Amino acid sequence: MSYPELHMTIDGEPIPVGHRRAHTVLNPATGAALGALPLADAADLDRALAVAQRGFRLWRDAPPQQRAAVLAGAARLLKERQEEIAHIATLEEGKTRAEARVEVMMNVTLFEFYAGECHRLYGRQLVRPAGLRSTVICEPVGPVAAFAPWNFPIGNPGRKLGAPICAGCSVILKAAEEAPASALAVLRCLLDAGLPKEVGQAVFGVPDEVSRHLLASPIIRKLSFTGSTAVGKHLMKLAAEDCKRTTMELGGHGAVLVFDDADVEQVLNAMLASKFRNAGQVCVAPTRFIVQEGVYERFRNGFAERAGAWRVGNGLDEGVQMGPMANPRRPEAMERFIGAAVTAGARLHTGGRRLGSQGYFYAPTVLSEIPLTAAVMNEEPFGPVALINPFRTEEEMIAEANRLPYGLAAYAWTNQAGRQMRLAREIETGMLCINTTVLGGPDAPFGGVKWSGHGSENGPEGVMSCMVVKAVHEG
Ligand code: NAD
């Protein structure tokens, strides 16, 4: 299987590099060039905007059966093309083939769910005296500008496209320049399933140029962004200039509370896979392990032993558990974070170094007894590092979980029913897993609180975030 020719998709037309600037897409396992990606200029973006405006008028009036048929059809095509799309994602992002296949299936189940939701975009009628009628109508918000990052090169574009299409919006997707072919493959499935060419488009470019240009246009009525908190804050300010609605899925610093009554073996089995998935480049990754004293040493030593044996290699190879990091910025960031933590007094149990002589590999790393002032305890590391510290009481553990301004995903391991209820109430997070790592599904809202953003993707909430309400009062 080869890597496809890269292009943008504007008004259904594949736009090649031509005279435009280009970005070289790299294979993170080898550092080799995969292809040249065209970067949009202002004229490309203006054309995409005009098309999106037409697309919105067309799609908001499309019957639910038509929208549902597109989403269900795209789900079928994704399944048929699963191997090809997973291969592309591994080539350009580095994750293992098994993970990339799961990502295709994430989109399949999400599109199937949204296909059903097309028929359930209800409003409501209010109780009024005879002769009066008041109705609350839900309407699609308008053309959406959606910016998706590279870490889930298939899943993120699927979320960004699926919800607006279900709601009756048009969408201009700017997926990450690092992993464009995966996003194009997802859009292709939708177009091949009958999505009008004006409704779903894909542009690439210099991110700040594209977002400034699109968000400056009154045509765009909603911004949907997944990425870092810093960039998210910047984009929210741009969106505020035109009072655009926003869905922001930003960074996290996943707290994991492991209590004395937990089954340590079970927790280790679940948490290692979760920690090292996609080389830790996951916004909901477990990061700060807040472990009660009674099981602390056993947990830390067990974690380090297993992490040291984790199989790292090219994601295309059979048996590999963790691929490279997605781009050269990530191992550099790991070196900075881990070096500073060790200098500050943290204990390094395993890892803490790059692997191999090519590509962007970094070893699964375990640190313990890390000072809370170390940068890695306060900023999202977005890499294969587990931070393990001991705590005495439940109150101290909850306080540590809530110490940071992030609140995306948190995990807790305990068999005490009363404590489970207290945690569900006290942990400041958008998503909480108790005794599991299965973090929702197509029907569950996915999103954060505080600096992890606002609004949800997936679930009915994901569709409603692409709609506005209108109250109509008739006499
Ligand atoms: P970054 O913040 O520069 O970029 C993150 C994503 O945002 C990329 O896809 C990028 O193309 C996009 N982006 C950047 N500036 C933009 C702009 N002005 N307008 C529109 N899009 C823009 O950082 P990075 O080096 O690519 O990733 C590093 C950090 O980003 C990580 O440490 C992590 O905190 C965060 N991140 C979060 C997620 C997530 O799922 N929440 C995903 C990827 C990256």
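Order of listing sets the numbers, starting from 1, for every ligand and every atom in it. Being a predicted model, the structure only gives us computed values, none of them experimental.
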#### Entry: Check: Gly155 main-chain N/O paired with Glu103 side-chain donor or acceptor under 3.5 Å
yes
### Query
Are the side chain of Asn327 and the backbone of Arg329 linked by a donor-acceptor contact shorter than 3.5 Å?
yes
#### Entry: Proximal candidate to atom 22 (C) of ligand 1 [heavy atom criterion; set Ala145, Pro207, Gly252, Pro381]
Pro207
### Summary
the protein heavy atom lying closest to atom 27 (O) of ligand 1 turns out to be Trp150 CZ2, 3.6 Å
## Note on the structure
Heavy atoms of Ile154 and Ala86 approach each other most closely as CD1-CA, 4.5 Å
### Task
Give the minimum heavy-atom separation between Ala401 and Ile427, together with the two atoms involved.
CB-CD1, 4.0 Å
#### Entry: Polar proximity ligand 1 side, Ser211 side, N/O cut 3.5 Å exclusive
yes
#### Entry: Atoms in ligand 1 with a heavy atom of Glu249 nearer than 4.0 Å
41 (N)
### Task
Please indicate, with yes or no, if any protein heavy atom is found under 4.0 Å from atom 32 (O) of ligand 1?
yes
### Which of the ligand 1 atoms, numbered from 1, are nearer than 4.0 Å to a heavy atom of Thr226
39 (C), 40 (O), 41 (N)
### Query
What residue and heavy atom of the protein are closest to atom 36 (N) of ligand 1, and at what distance?
Phe382 CZ, 3.7 Å
### Task
Check whether any side-chain heavy atom of Val51 lies under 4.5 Å from a side-chain heavy atom of Gln201, and answer yes or no.
yes
#### Entry: Nearest-neighbour protein heavy atom for atom 24 (P) of ligand 1, which is reported as residue plus atom name and distance
Arg329 NH2, 3.6 Å
### Task
Output the distance between atom CG (Leu316) and atom OG1 (Thr90), rounded to the nearest 0.5 Å.
5.5 Å
### Query
Hey, does Asn327 come in under 3.5 Å of ligand 1, counting only N/O atoms on both sides?
no
### Query
Of the non-hydrogen atoms in Ile10 and Asp44, which two are nearest, and what is the gap between them?
CD1-O, 3.7 Å
### atom 34 (O) of ligand 1: the protein heavy-atom neighbour that sits closest, reported with distance to 0.1 Å
Glu380 OE1, 2.3 Å
### Query
Do Glu209 and Lys174 meet the salt-bridge criterion of a basic N to acidic O distance under 4.0 Å?
no
### Task
Run the numbers for me: atoms of ligand 1, each under 4.0 Å from some heavy atom of Phe225, listed by number.
7 (O), 21 (N)
#### Entry: Interfacing atoms of ligand 1 (cut-off 4.0 Å, heavy-atom, Cys283)
39 (C), 40 (O), 41 (N)
### Query
Counting heavy atoms only, which part of Asp208 comes closer than 4.0 Å to ligand 1: side chain, backbone, both or neither?
both
### Task
Kindly determine whether Lys95 and Met322 satisfy side-chain contact (heavy atoms from CB on, under 4.5 Å), including the steps that lead there.
CA-CA 7 Å; Lys95 66 177 56 187; Met322 186 178 105; over 6 Å; no
### Query
Out of Glu379, Arg330, Glu177, whose heavy atom is nearest to atom 28 (C) of ligand 1?
Arg330
### Stepwise ring pair (Phe, Tyr, Trp, His ring centres under 6.0 Å) test for Trp150 and Phe382
CA-CA 12 Å; Trp150 40 262; Phe382 223 60; 5.6 Å; yes
### Task
Look up atom OG1 in Thr373 and atom CG in Asn378, then write down how far apart they are to the nearest 0.5 Å.
7.5 Å
### Query
Just heavy atoms, cut-off under 4.0 Å: does Phe152 contact ligand 1 by side chain, backbone, both, or neither?
neither
### Query
What atoms of ligand 1 come closer than 4.0 angstrom to any heavy atom of Ala176?
9 (O)
### Query
Where on Lys174 is there a heavy atom closer than 4.0 Å to ligand 1, on the side chain, on the backbone, on both, or on neither?
side chain
### Query
Of the protein's non-hydrogen atoms, which lies at the shortest distance from atom 6 (C) of ligand 1, and what is that distance?
Pro149 CB, 4.0 Å
### Query
Looking at atom 4 (O) of ligand 1, is any protein heavy atom nearer than 4.0 Å to it?
no
### Query
Of all the non-hydrogen atoms in the protein, which one sits nearest to atom 15 (N) of ligand 1, and at what distance?
Val231 CG1, 3.5 Å
### Message
Taking Arg403 first and then Glu400, would you say they form a salt bridge - that is, a charged N and a carboxylate O separated by under 4.0 Å?
### Response
yes
### Message
Under 4.0 Å from atom 10 (C) of ligand 1, can you find at least one protein heavy atom?
### Response
no
### Thr247 side chain near Phe225 side chain, heavy-atom distance below 4.5 Å
no
### Query
At their closest point, which heavy atom of Cys189 faces which heavy atom of Arg81, and how far apart are they?
SG-NH1, 3.7 Å
### Query
With atoms numbered from 1 as shown, which atoms in ligand 1 lie under 4.0 angstrom from a non-hydrogen atom of Leu250?
41 (N)
### Short N or O distance, Ser228 and ligand 1, threshold 3.5 Å exclusive
yes
